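Working notes, structure below.
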Amino acid sequence: NAYLDFMNEPKDSVRGKRKGLYSSYVLDPNVKIIFLDTRYHRDDHYVPSVGGIKKLPLSPLIAAFSRLMVKLLGQGSNYEGEVLGEEQWEWLEDELEESKKAGPERVNVIVSSIQVLTTNPLVESWGHFPKEKRRLLELIGGKSENRVLLLSGDVHHAEFSKVGDILEVTSSGLTHSCSR
């Protein structure tokens, strides 16, 4: 893996033996950072994106428009595409279980490269993978003995979102926001 080589990760490390770049770090007994890999195992979107086609004029706008139309037409709401892959799901469950044993003071900061709670269909998010989003929210909601904060990015604006007791902070650059 080129990334792990660049980061001088030891060849025999756990990260080097699994598929995907997910990991966790306990900063102090009460704070655990859990980094998810939302790219390695992720399936294509319900409607494949044209955003990366460099020769297509305005391809990012066309991609956003197609995501909006899929949402407005009610398509893809039962899409079963994956984001994490089963191995990473099992790892995440183990990480949250370990945090549960650490005590109720533990805060888990779950880092996702794409937004989890947003309802904005224009941006790439867990919302385009409804089965996976439900599974994540059930998992972190079901582990309510632990406090969870979601940290995301990749949308070129800042946003705070909340569903129940779950708060998400999106920080992709603090010069823009969805509203004032």
Side-chain angles (χ1 to χ4, degrees), residues 3 18-24 33-93 95-96 108-144 148-179:
Y3 175 80
R18 59 184 174 216
K19 296 177 179 179
L21 292 172
Y22 50 94
S23 56
S24 70
I33 310 292
I34 300 172
F35 292 94
L36 301 179
D37 185 333
T38 62
R39 299 273 182 217
Y40 189 89
H41 293 282
R42 186 168 56 186
D43 291 334
D44 289 333
H45 286 84
Y46 179 72
V47 174
S49 179
V50 297
I53 302 173
K54 299 207 184 306
K55 293 185 180 190
L56 180 63
L58 305 174
S59 61
L61 292 176
I62 295 169
F65 180 74
S66 65
R67 288 191 291 265
L68 176 63
M69 293 309 300
V70 164
K71 179 71 172 181
L72 292 176
L73 295 172
Q75 300 298 305
S77 60
N78 294 320
Y79 180 55
E80 295 196 4
E82 293 188 18
V83 175
L84 298 185
E86 201 55 41
E87 179 182 312
Q88 190 174 177
W89 277 113
E90 291 172 12
W91 168 84
L92 179 57
E93 290 173 12
E95 291 294 315
L96 292 173
N108 294 290
V109 179
I110 298 178
V111 181
S112 171
S113 65
I114 55 175
Q115 287 184 296
V116 178
L117 300 180
T118 189
T119 57
N120 182 350
L122 298 178
V123 299
E124 184 179 13
S125 74
W126 283 72
H128 298 287
F129 300 88
K131 179 188 79 147
E132 293 281 275
K133 180 178 177 177
R134 278 190 302 275
R135 185 174 178 180
L136 180 64
L137 294 178
E138 288 170 6
L139 177 63
I140 61 180
K143 304 287 183 188
S144 59
V148 173
L149 171 68
L150 297 170
L151 180 61
S152 63
D154 195 36
V155 290
H156 308 284
H157 64 262
E159 182 177 349
F160 291 90
S161 303
K162 187 174 183 185
V163 171
D165 291 334
I166 303 169
L167 175 67
E168 178 175 14
V169 177
T170 300
S171 177
S172 292
L174 299 177
T175 59
H176 298 80
S177 65
C178 287
S179 62

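Quick caveat, the model's predicted, so the values are computed rather than measured.
Across S24 and E95, no two heavy atoms sit closer than the pair OG-OE1, 2.6 Å. Here the closest non-hydrogen pair linking S77 and P130 is O-CG, 3.4 Å. Residues G164 and K162 come closest through the heavy atom pair O-CE, 3.0 Å. Here the closest non-hydrogen pair linking S152 and T170 is OG-OG1, 2.8 Å.
Between L84 atom CG and H41 atom NE2 the span is 8.5 Å, to the nearest 0.5 Å. A distance of 11.0 Å separates CG of L151 from CD of Q115, quoted to the nearest 0.5 Å. A distance of 11.0 Å separates CH2 of W126 from CG of L117, quoted to the nearest 0.5 Å. In this structure, the separation between CG on L149 and CD1 on I34 is 11.0 Å, given to the nearest 0.5 Å. M69 CE to I62 CD1: the interatomic distance, rounded to the nearest 0.5 Å, is 14.0 Å. Note that CD1 of I166 is 7.5 Å distant from CG of L136, once rounded to the nearest 0.5 Å.
For the pair L73 and V70, the minimum side-chain heavy-atom distance is 4.5 Å or more. Contact of the K133 side chain with the H128 side chain is not registered, since no non-hydrogen atoms from C-beta on lie closer than 4.5 Å. You'll find the side chain of L36 stays beyond 4.5 Å of the side chain of V83, heavy atoms only.
Sparse packing is recorded around NZ of K19, with 12 or fewer heavy atoms of other residues, nucleotides or ligands lying under 6.0 Å away. In this structure, K71 places its NZ atom where only 12 or fewer heavy-atom neighbours from other residues, nucleotides or ligands lie under 6.0 Å away.
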Next item on the list: Under the side-chain contact (heavy atoms from CB on, under 4.5 Å) rule, what do I140 and N108 come out as? Steps first, then yes or no, please.
Entry: CA-CA 10 Å; I140 61 180; N108 294 290; over 6 Å; no

Margin query: For V163 and V116: C-alpha separation, side-chain torsions, deciding distance, then whether side-chain contact (heavy atoms from CB on, under 4.5 Å) applies.
Written below: CA-CA 10 Å; V163 171; V116 178; over 6 Å; no

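Between the Q88 side chain and the D37 main chain, a donor and an acceptor come within less than 3.5 Å of each other.
In the model, T38 has a side-chain atom that pairs as donor or acceptor with a side-chain atom of S113 under 3.5 Å.
Residues passing the ring-ring contact (aromatic ring centres under 6.0 Å, His included) test with W91, sequence neighbours excluded: Y22.
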